[in-house]
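Computation of the quantities below employed the complete heavy-atom set of this structure, encompassing side-chain atoms and omitting hydrogens, waters and symmetry-equivalent molecules. Computed from a prediction, not measured in an experiment: that's the story for all the values here. To find a chain, count down the sequence lines: A is the first, B the second, and so on, and within it residues start at 1.
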2 protein chains.
Amino acid sequence: MNPQASLDEREQRTWSAFVTMRRDLEAVLARGLAEDGLSVSDFEVLARLGQAPGGELRARDLAAAIGWDKARLSKHVTRMAGRGLVSRREAADDGRGQVIALTAEAAQVLVTAGANHLAAVRRYFFDLIEPDELDVLEQVLSRINARAAEG
Amino acid sequence: MNPQASLDEREQRTWSAFVTMRRDLEAVLARGLAEDGLSVSDFEVLARLGQAPGGELRARDLAAAIGWDKARLSKHVTRMAGRGLVSRREAADDGRGQVIALTAEAAQVLVTAGANHLAAVRRYFFDLIEPDELDVLEQVLSRINARAAEG
DNA sequence: GCAACATGGTTGCCATGGCAACCATGTTGC
DNA sequence: GCAACATGGTTGCCATGGCAACCATGTTGC
């Protein structure tokens, strides 16, 4: 049985294109970041820290901001700390808490990698979308995210 | 430095929504498949085999069809075979080749899981997209995929 | 002010995935 | 018909990620 039997032909085509896009766009962006020595996950962490005041965040808040499980963040931060990209210290106001901070080295890496990544996002995404198409995309994305969030 | 500095506000918002969508839609679909005992990867393999004549494909062709590295397929098929979802045999016409086939049990699982997955794809994706928006999406996806393919 | 509960993080276990090395079989050019 | 190359798969190594169990610290209700 064809599991897509009750999608019409156009929907099947679109869904298949969507699945391909998810895979290939991710791959192309990952390759770009890899040239600066970062994985997509590394970059998510660094970019978020870079946006935070002082370049640091509570682990809890960082995890929430990038949508990760706390276990995933804990383990990833351990690896990144080993590479000198982040540092950890205890939270002043909560005996359980950890504050994760960008290192000076990571701040440098982020400048370069961020610029390159941005160029890639332009090249592989925004350059291919007309303004009126972007309107549509925004609408659709917001509906999809709302529904996914409600479960 | 904010790595998104040269995206305008609307682009930043859209990109952020896009990243969220990739993560959350994937997660919601994965949870659905998990209820039928399958991972997204399992389902990709089974669905493709289910579409093939006789429910079987050369490993090489299966990997190409779902866009996987041959090593990834090899290892995943080993695990799936261990769970009784696929079987392996040598290709008649190529001493190097393996033919991967759906088992009878997997064909059953695929009927149920396929229907459930399809319902989820409707609920979390197509139900939220108007026909004219689907046109736009198709166009944009095809451009993005073409560019990602050219590198 | 203490028991019950909530929150923040870490660790272990297991499945997953990328990449390179490897091995075996096929194919090609001469 | 053989050397060089190509193709098809498997394995090893390492990083990654989900989930549950666990431990420590905070908070709440009484």
Next on the checklist: Just to be sure I understand the geometry, which residues of residues 85-98 of chain B put a non-hydrogen atom under 4.0 Å away from DNA chain D?
Outcome noted: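 Those residues are Arg88(B), Arg96(B), Gly97(B), Gln98(B).
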Checklist entry - Looking at Ser74(B), does any N or O in its side chain come under 4.0 Å of the phosphate oxygens OP1/OP2 on dG9(D)? => result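 Ser74(B) to dG9(D) OP1/OP2: no side-chain N or O under 4.0 Å.
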Check salt bridge (charged side-chain N to carboxylate O under 4.0 Å, His left out) between [X] and all other residues, then give those that pass, not counting sequence neighbours.
X        : value
Glu35(A) : none
Arg23(B) : none
Arg79(B) : none
Glu44(A) : none

Checklist entry - If we fit an axis to the first five pairs and another to the last five of the helix from dG1(C)-dC30(D) to dC30(C)-dG1(D), what angle do they make, to the nearest 10°? => result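 Taking five pairs per end, the axes differ by 30°.
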Checklist entry - For the pair made of CG in Asp61(A) and P in dG8(C), what is the distance, rounded to whole Å? => result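 These atoms are roughly 8 Å apart.
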Next on the checklist: Taking side-chain contact (heavy atoms from CB on, under 4.5 Å) as the definition, give me every residue that meets it alongside Ala101(A), ordered by chain and number, with sequence neighbours left out.
Outcome noted: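 With sequence neighbours excluded, Ala101(A) shows a side-chain contact (heavy atoms from CB on, under 4.5 Å) to Glu56(A), Ser87(A), given in chain and number order.
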Checklist entry - Which residues pass the side-chain contact (heavy atoms from CB on, under 4.5 Å) test with Arg72(B), sequence neighbours left out? => result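 If we apply the side-chain contact (heavy atoms from CB on, under 4.5 Å) test to Arg72(B), skipping adjacent residues, the hits are Ser41(B), Trp68(B), Asp69(B).
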Item to check | Per-nucleotide protein contact string for nucleotides 14-21 of chain C (B base, S sugar-phosphate only, - none; heavy atom under 4.0 Å) | outcome: --BSBBB-
Next on the checklist: So, using side-chain hydrogen bond (donor to acceptor under 3.5 Å, both in side chains) as the criterion, who are the partners of Ser142(B) when residues are at least two apart?
Outcome noted: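 Per chain and number, Ser142(B) pairs via side-chain hydrogen bond (donor to acceptor under 3.5 Å, both in side chains) with no residue.
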Identify each donor-acceptor pair in which a side-chain atom of residues 132-141 of chain B lies under 3.5 Å from a protein atom, sequence neighbours left out, and give them as a table.
from, atom 1, to, atom 2, distance (Å)
Glu133(B), OE1, Arg143(A), NH1, 2.9
Glu133(B), OE1, Glu130(B), N, 2.9
Glu133(B), OE2, Arg143(A), NH2, 2.8
Asp135(B), OD1, Arg10(A), NH2, 2.4
Glu138(B), OE1, Arg10(A), NE, 3.2
Glu138(B), OE2, Arg13(A), NE, 3.0
Glu138(B), OE2, Arg13(A), NH2, 2.9

Checklist entry - Going from OG1 on Thr103(A) to CE on Met80(A), what distance comes out if it is rounded to the nearest 0.5 angstrom? => result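 One finds 8.5 Å between OG1 of Thr103(A) and CE of Met80(A).
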Item to check | Qualifying ring-ring contact (aromatic ring centres under 6.0 Å, His included) pairs with a residue from residues 97-119 of chain A, counting only residues at least two apart or across chains | outcome: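 Residue pairs passing ring-ring contact (aromatic ring centres under 6.0 Å, His included), neighbours aside: Phe43(A)-His117(A).
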